Amino acid sequence: MDQCRQTLQQHNWNIEAAVQDRLNEQEGVPSVFNTAPSRPLQVNTADHRVYSYVVSRPQPRGLLGWGYYLIMLPFRITYYTLLDIFRFALRFIRPDPRSRVTDPVGDIVSFIQMFEEKYGRTHPVFYQGTYSQALNDAKQELRFLLVYLHGEDHQDSDEFCRNTLCTSEVTQFVNSRMLFWACSTNKPEGFRVSQALRENTYPFLAMIMLKDRRMTVVGRLEGLIQPQDLINQLTFIMEANQTYLVSERLEREERNQTQVLRQQQDEAYLASLRADQEKERKKREKQEQKRREEEEAQLRLQAEERKKRNLQEEKERRSECLPAEPESDHPDSLKIIFKMPNDTRVERRFLFTQSLSVIHDFLFSLKETPEHFQIVANFPRRVLPCLPTEEVPVPPSLQEAGLSRSQLLFVQDLTDE
């Protein structure tokens, strides 16, 4: 709300001017309140092909008319001469305040308010924005721009506004064919445009359009012109220069098509590039995955080899730690036949006094014995507690385990469990 209130205050609470200024900002034209250019506006006025139409004041008719003209001529010359001298001298005392443009939109809005208060609301639609914005819109939209400079002190301005500019036919013609921008030369914005267009007399109208890629004055209408004559002159100027707008439209359309084609080509290239990058990414991922799998397989192989080596070393160590096999005639000896998981049989003699861990170490030291196994006896079927546990911290002896002098034991493979 604060921003809206500030914007409306800058435009003297004229909502149309505020909206117009905001729309121009959105189209890339800087706000008139952010920049205030002091140099003359860049419009080509030096084209030798510009159409100029000047309406001279009517000559006096009859003896009475000439007499009145000759009597008023010295007073008129004296008045305008003194006025010019006064204005010239005033420049040295006080600079012309119109040379400083501080609120261009405010100048336009105040002129429109003054115009409507004096001449009514029947008139061509005024462009409610700065002269620079009007030029930019005319350039972007490829339309004619009609500029009217209002000389408030000129004797023909009042009659032109009432009898020509505010007529319904002129209003309808201008509204349907072109943009219309107007300002008083007593306002800083109007004075700045006056310096750029260099008018000779009032009322002054200038037709501006995009020509040869520059905003160019293609027609100048000066003097008190009648409604139908104004329409005829504007129609002539538009018809004489319409080919430039058509050419510019075709060129702009061709540029747009070229830009669209280039954009499509760029999109196709980017799509192809993304596809190639995606293909390359998948290829790298596949190679990386293959490398990781090979590394993992190599690590697994090394781990298995290391495990086998450690197992073999452990088998050898336990084999070396085994007590010697007792003689067959030893009174405490017993013979145990071990049936291995691969259906082979292994025989060895032990002592009844030896622990069950001895037979476990013996079996563990054999090459054909799996890494994890258990020893099972039949009649009754039971698993021998060969390793210490929480329940049986010290494995029992063979005699305590209830083994006979000739015993068959089964070795069960627990590696996969």
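Computed over heavy atoms, backbone and side chain alike; hydrogens, waters and symmetry mates excluded. No experiment lies behind these values; they were computed from the predicted model shown.
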> Yes or no on side chain to side chain contact (heavy atoms under 4.5 Å, CB included) for Ile336 and Leu403, after CA distance, side-chain angles and deciding distance?
Replying inline: CA-CA 9 Å; Ile336 301 178; Leu403 300 185; 4.1 Å; yes
> How far apart are the closest heavy atoms of Gly190 and Cys183, and which atoms are they?
Replying inline: N-SG, 3.5 Å
> Could Glu251 and Arg255 be called an ion pair, given the rule that one side-chain N must be under 4.0 Å from one carboxylate O?
Replying inline: yes
> Any side-chain heavy atom of Ile237 within less than 4.5 Å of one from Leu221?
Replying inline: yes
>> Using a 6.0 Å distance limit plus a 45 degree cone around the ring axis, check whether Lys211 lies over the aromatic ring of Tyr244.
In response: yes
> Is the distance between the ring centroids of Tyr51 and Phe236 under 6.0 Å?
Replying inline: yes
> Between Arg220 and Glu199, does a salt bridge (Lys or Arg N to Asp or Glu O under 4.0 Å) hold up when you go through it step by step?
Replying inline: CA-CA 9 Å; Arg220 299 166 60 95; Glu199 77 281 5; over 6 Å; no
>> Once side chain to side chain contact (heavy atoms under 4.5 Å, CB included) is applied, do any residues pair with Thr344, and if so which ones, sequence neighbours excluded?
In response: Met340, Asn342
>> Looking at Ser397 and Gln354, would you say the former's side chain and the latter's main chain have a donor-acceptor pair under 3.5 Å?
In response: no
>> Ser355 vs Ser357, test: side-chain hydrogen bond (donor to acceptor under 3.5 Å, both in side chains). Steps then yes/no.
In response: CA-CA 5 Å; Ser355 173; Ser357 60; 3.2 Å; yes
>> Is there a side-chain hydrogen bond (donor to acceptor under 3.5 Å, both in side chains) between Tyr202 and Glu222? Walk through the geometry before answering.
In response: CA-CA 6 Å; Tyr202 300 96; Glu222 299 179 271; over 6 Å; no
> Looking at side-chain heavy atoms only, is the closest gap between Lys187 and Ser110 below 4.5 Å?
Replying inline: yes
> So, does Lys315 use its side chain to make a donor-acceptor pair with the main chain of Thr369 at under 3.5 Å?
Replying inline: yes
> When you look at Thr130 and Glu189, which way does the side-chain hydrogen bond (donor to acceptor under 3.5 Å, both in side chains) test go after all the steps?
Replying inline: CA-CA 8 Å; Thr130 66; Glu189 176 74 353; 4.8 Å; no
> Is the cationic atom of Arg348 (NZ for Lys, CZ for Arg) positioned less than 6.0 Å from the six-membered ring centroid of Phe362 and within 45 degrees of its normal?
Replying inline: yes
>> For Thr171, is there any backbone N or O sitting under 3.5 Å from a side-chain donor or acceptor partner on Asn175?
In response: yes
> For the atom pair CD (Gln263) and CD (Gln257), what is the distance rounded to the nearest 0.5 Å?
Replying inline: 13.5 Å
> Are Arg213 and Glu248 ion-paired here, with the side-chain N under 4.0 Å from a carboxylate O?
Replying inline: no
> Listed by chain and number, what are the salt bridge (charged side-chain N to carboxylate O under 4.0 Å, His left out) partners of Lys308, not counting sequence neighbours?
Replying inline: none
>> Suppose we call two aromatic rings close when their centres sit under 6.0 Å apart. Are Phe373 and His360 close by that rule?
In response: yes
>> Do Tyr131 and Val147 have side chains that approach each other closer than 4.5 Å (heavy atoms only, starting at C-beta)?
In response: yes
> Within a strict 4.5 Å, meaning less than it, do heavy atoms of the Thr216 and Met209 side chains meet?
Replying inline: no
> Taking Ser176 for the side chain and Gln172 for the main chain, is one N or O donor matched with an acceptor at less than 3.5 Å?
Replying inline: yes
> Are any side-chain N or O atoms of Asn378 and backbone N or O atoms of Arg381, one a donor and one an acceptor, separated by less than 3.5 Å?
Replying inline: no
> For the ring pair Phe160 and Tyr148, is the centre-to-centre distance below 6.0 Å?
Replying inline: yes
> Checking Ser247 side chain against Thr243 main chain: does a donor-acceptor pair fall under 3.5 Å?
Replying inline: no
> So how far is it from Arg345 CZ to Lys339 NZ, rounded to the nearest 0.5 Å?
Replying inline: 5.5 Å
>> Testing the basics here: between Thr185 and Gly151, what is the closest heavy-atom pair and its distance to 0.1 Å?
In response: OG1-CA, 4.0 Å
> If every non-hydrogen atom of Leu142 is compared with every non-hydrogen atom of Arg249, which pair is closest and at what distance?
Replying inline: O-NH2, 3.0 Å
>> Please determine whether side-chain hydrogen bond (donor to acceptor under 3.5 Å, both in side chains) holds for the pair Asp137 and Gln133, giving the CA-CA distance in whole Å, both sets of side-chain angles, and the decisive distance to 0.1 Å.
In response: CA-CA 6 Å; Asp137 280 358; Gln133 293 172 339; over 6 Å; no
>> I'd like to check Ile337 versus Phe410 (side-chain heavy atoms, cut-off strictly below 4.5 Å). Are they in contact?
In response: no
>> Under 4.0 Å between a side-chain nitrogen and a carboxylate oxygen: does that hold for Glu278 and Arg281?
In response: yes
> Between His123 and Phe126, how do the two ring planes meet: parallel, tilted or perpendicular, split at 30° and 60°?
Replying inline: tilted
>> So which atom in Pro395 and which in Pro385 form the shortest heavy-atom distance, rounded to 0.1 Å?
In response: CB-O, 3.4 Å
> Heavy atoms, side chains only, cut-off 4.5 Å: are Gln233 and Leu230 in contact?
Replying inline: no
>> Would Leu146 and Trp181 count as a side chain to side chain contact (heavy atoms under 4.5 Å, CB included) here? Give the steps.
In response: CA-CA 6 Å; Leu146 181 62; Trp181 185 90; over 6 Å; no
> Are the side chain of Thr167 and the backbone of Asn163 linked by a donor-acceptor contact shorter than 3.5 Å?
Replying inline: no
>> For a salt bridge (Lys or Arg N to Asp or Glu O under 4.0 Å) check, start with the C-alpha distance between Arg318 and Glu314, then their side-chain angles and the critical distance, and finish with the verdict.
In response: CA-CA 6 Å; Arg318 294 196 184 185; Glu314 180 67 15; 2.9 Å; yes
> Counting N and O atoms only, with roles assigned by atom type, does the side chain of Arg382 sit under 3.5 Å from a partner on the main chain of Pro380, one being a donor and the other an acceptor?
Replying inline: yes
> Can you name the nearest heavy-atom pair linking Arg162 to Tyr119, along with the distance?
Replying inline: CG-CD2, 3.5 Å
>> Can you confirm whether Val174 sits close enough to Leu165 that some side-chain heavy atom of one is under 4.5 Å from a side-chain heavy atom of the other?
In response: no
> Is there side-chain contact between Asp361 and Cys321, with at least one heavy-atom pair below 4.5 Å?
Replying inline: no
>> Has Arg317 got a side-chain atom pairing as donor or acceptor with Ser365's backbone, closer than 3.5 angstrom?
In response: no
> Within the distance-only criterion (no hydrogens, no angle test), does the side chain of Thr164 pair as donor or acceptor with the backbone N or O of Ile225 below 3.5 angstrom?
Replying inline: yes
> Does the pair Asn241 and Leu245 meet the rule for a side chain to side chain contact (heavy atoms under 4.5 Å, CB included), with working shown?
Replying inline: CA-CA 7 Å; Asn241 294 276; Leu245 285 184; over 6 Å; no
>> Below 30° counts as parallel, above 60° as perpendicular, anything between as tilted: where do the rings of His150 and Phe111 land?
In response: tilted
> Where do Leu179 and Ala134 come nearest, in terms of heavy atoms and distance?
Replying inline: CD1-O, 4.2 Å
>> Using side chain to side chain contact (heavy atoms under 4.5 Å, CB included), reason through Leu145 and Leu135 one step at a time and then give a plain yes or no.
In response: CA-CA 7 Å; Leu145 173 64; Leu135 288 175; 3.6 Å; yes
>> Could you check whether Glu295 pairs with Arg291 (Lys NZ or Arg NE/NH1/NH2 to Asp/Glu carboxylate O, under 4.0 Å)?
In response: yes
> Among Glu285, Glu293, Lys286, which residue meets the side chain to side chain contact (heavy atoms under 4.5 Å, CB included) test with Gln289?
Replying inline: Glu293
>> So that I can tick it off, tell me whether Glu152 and Lys118 are bridged by a salt bridge, with the cut-off set at under 4.0 angstrom between side-chain N and carboxylate O.
In response: no
> Quick one: side chain to side chain contact (heavy atoms under 4.5 Å, CB included) partners of Asn256, sequence neighbours excluded?
Replying inline: Arg252, Gln259
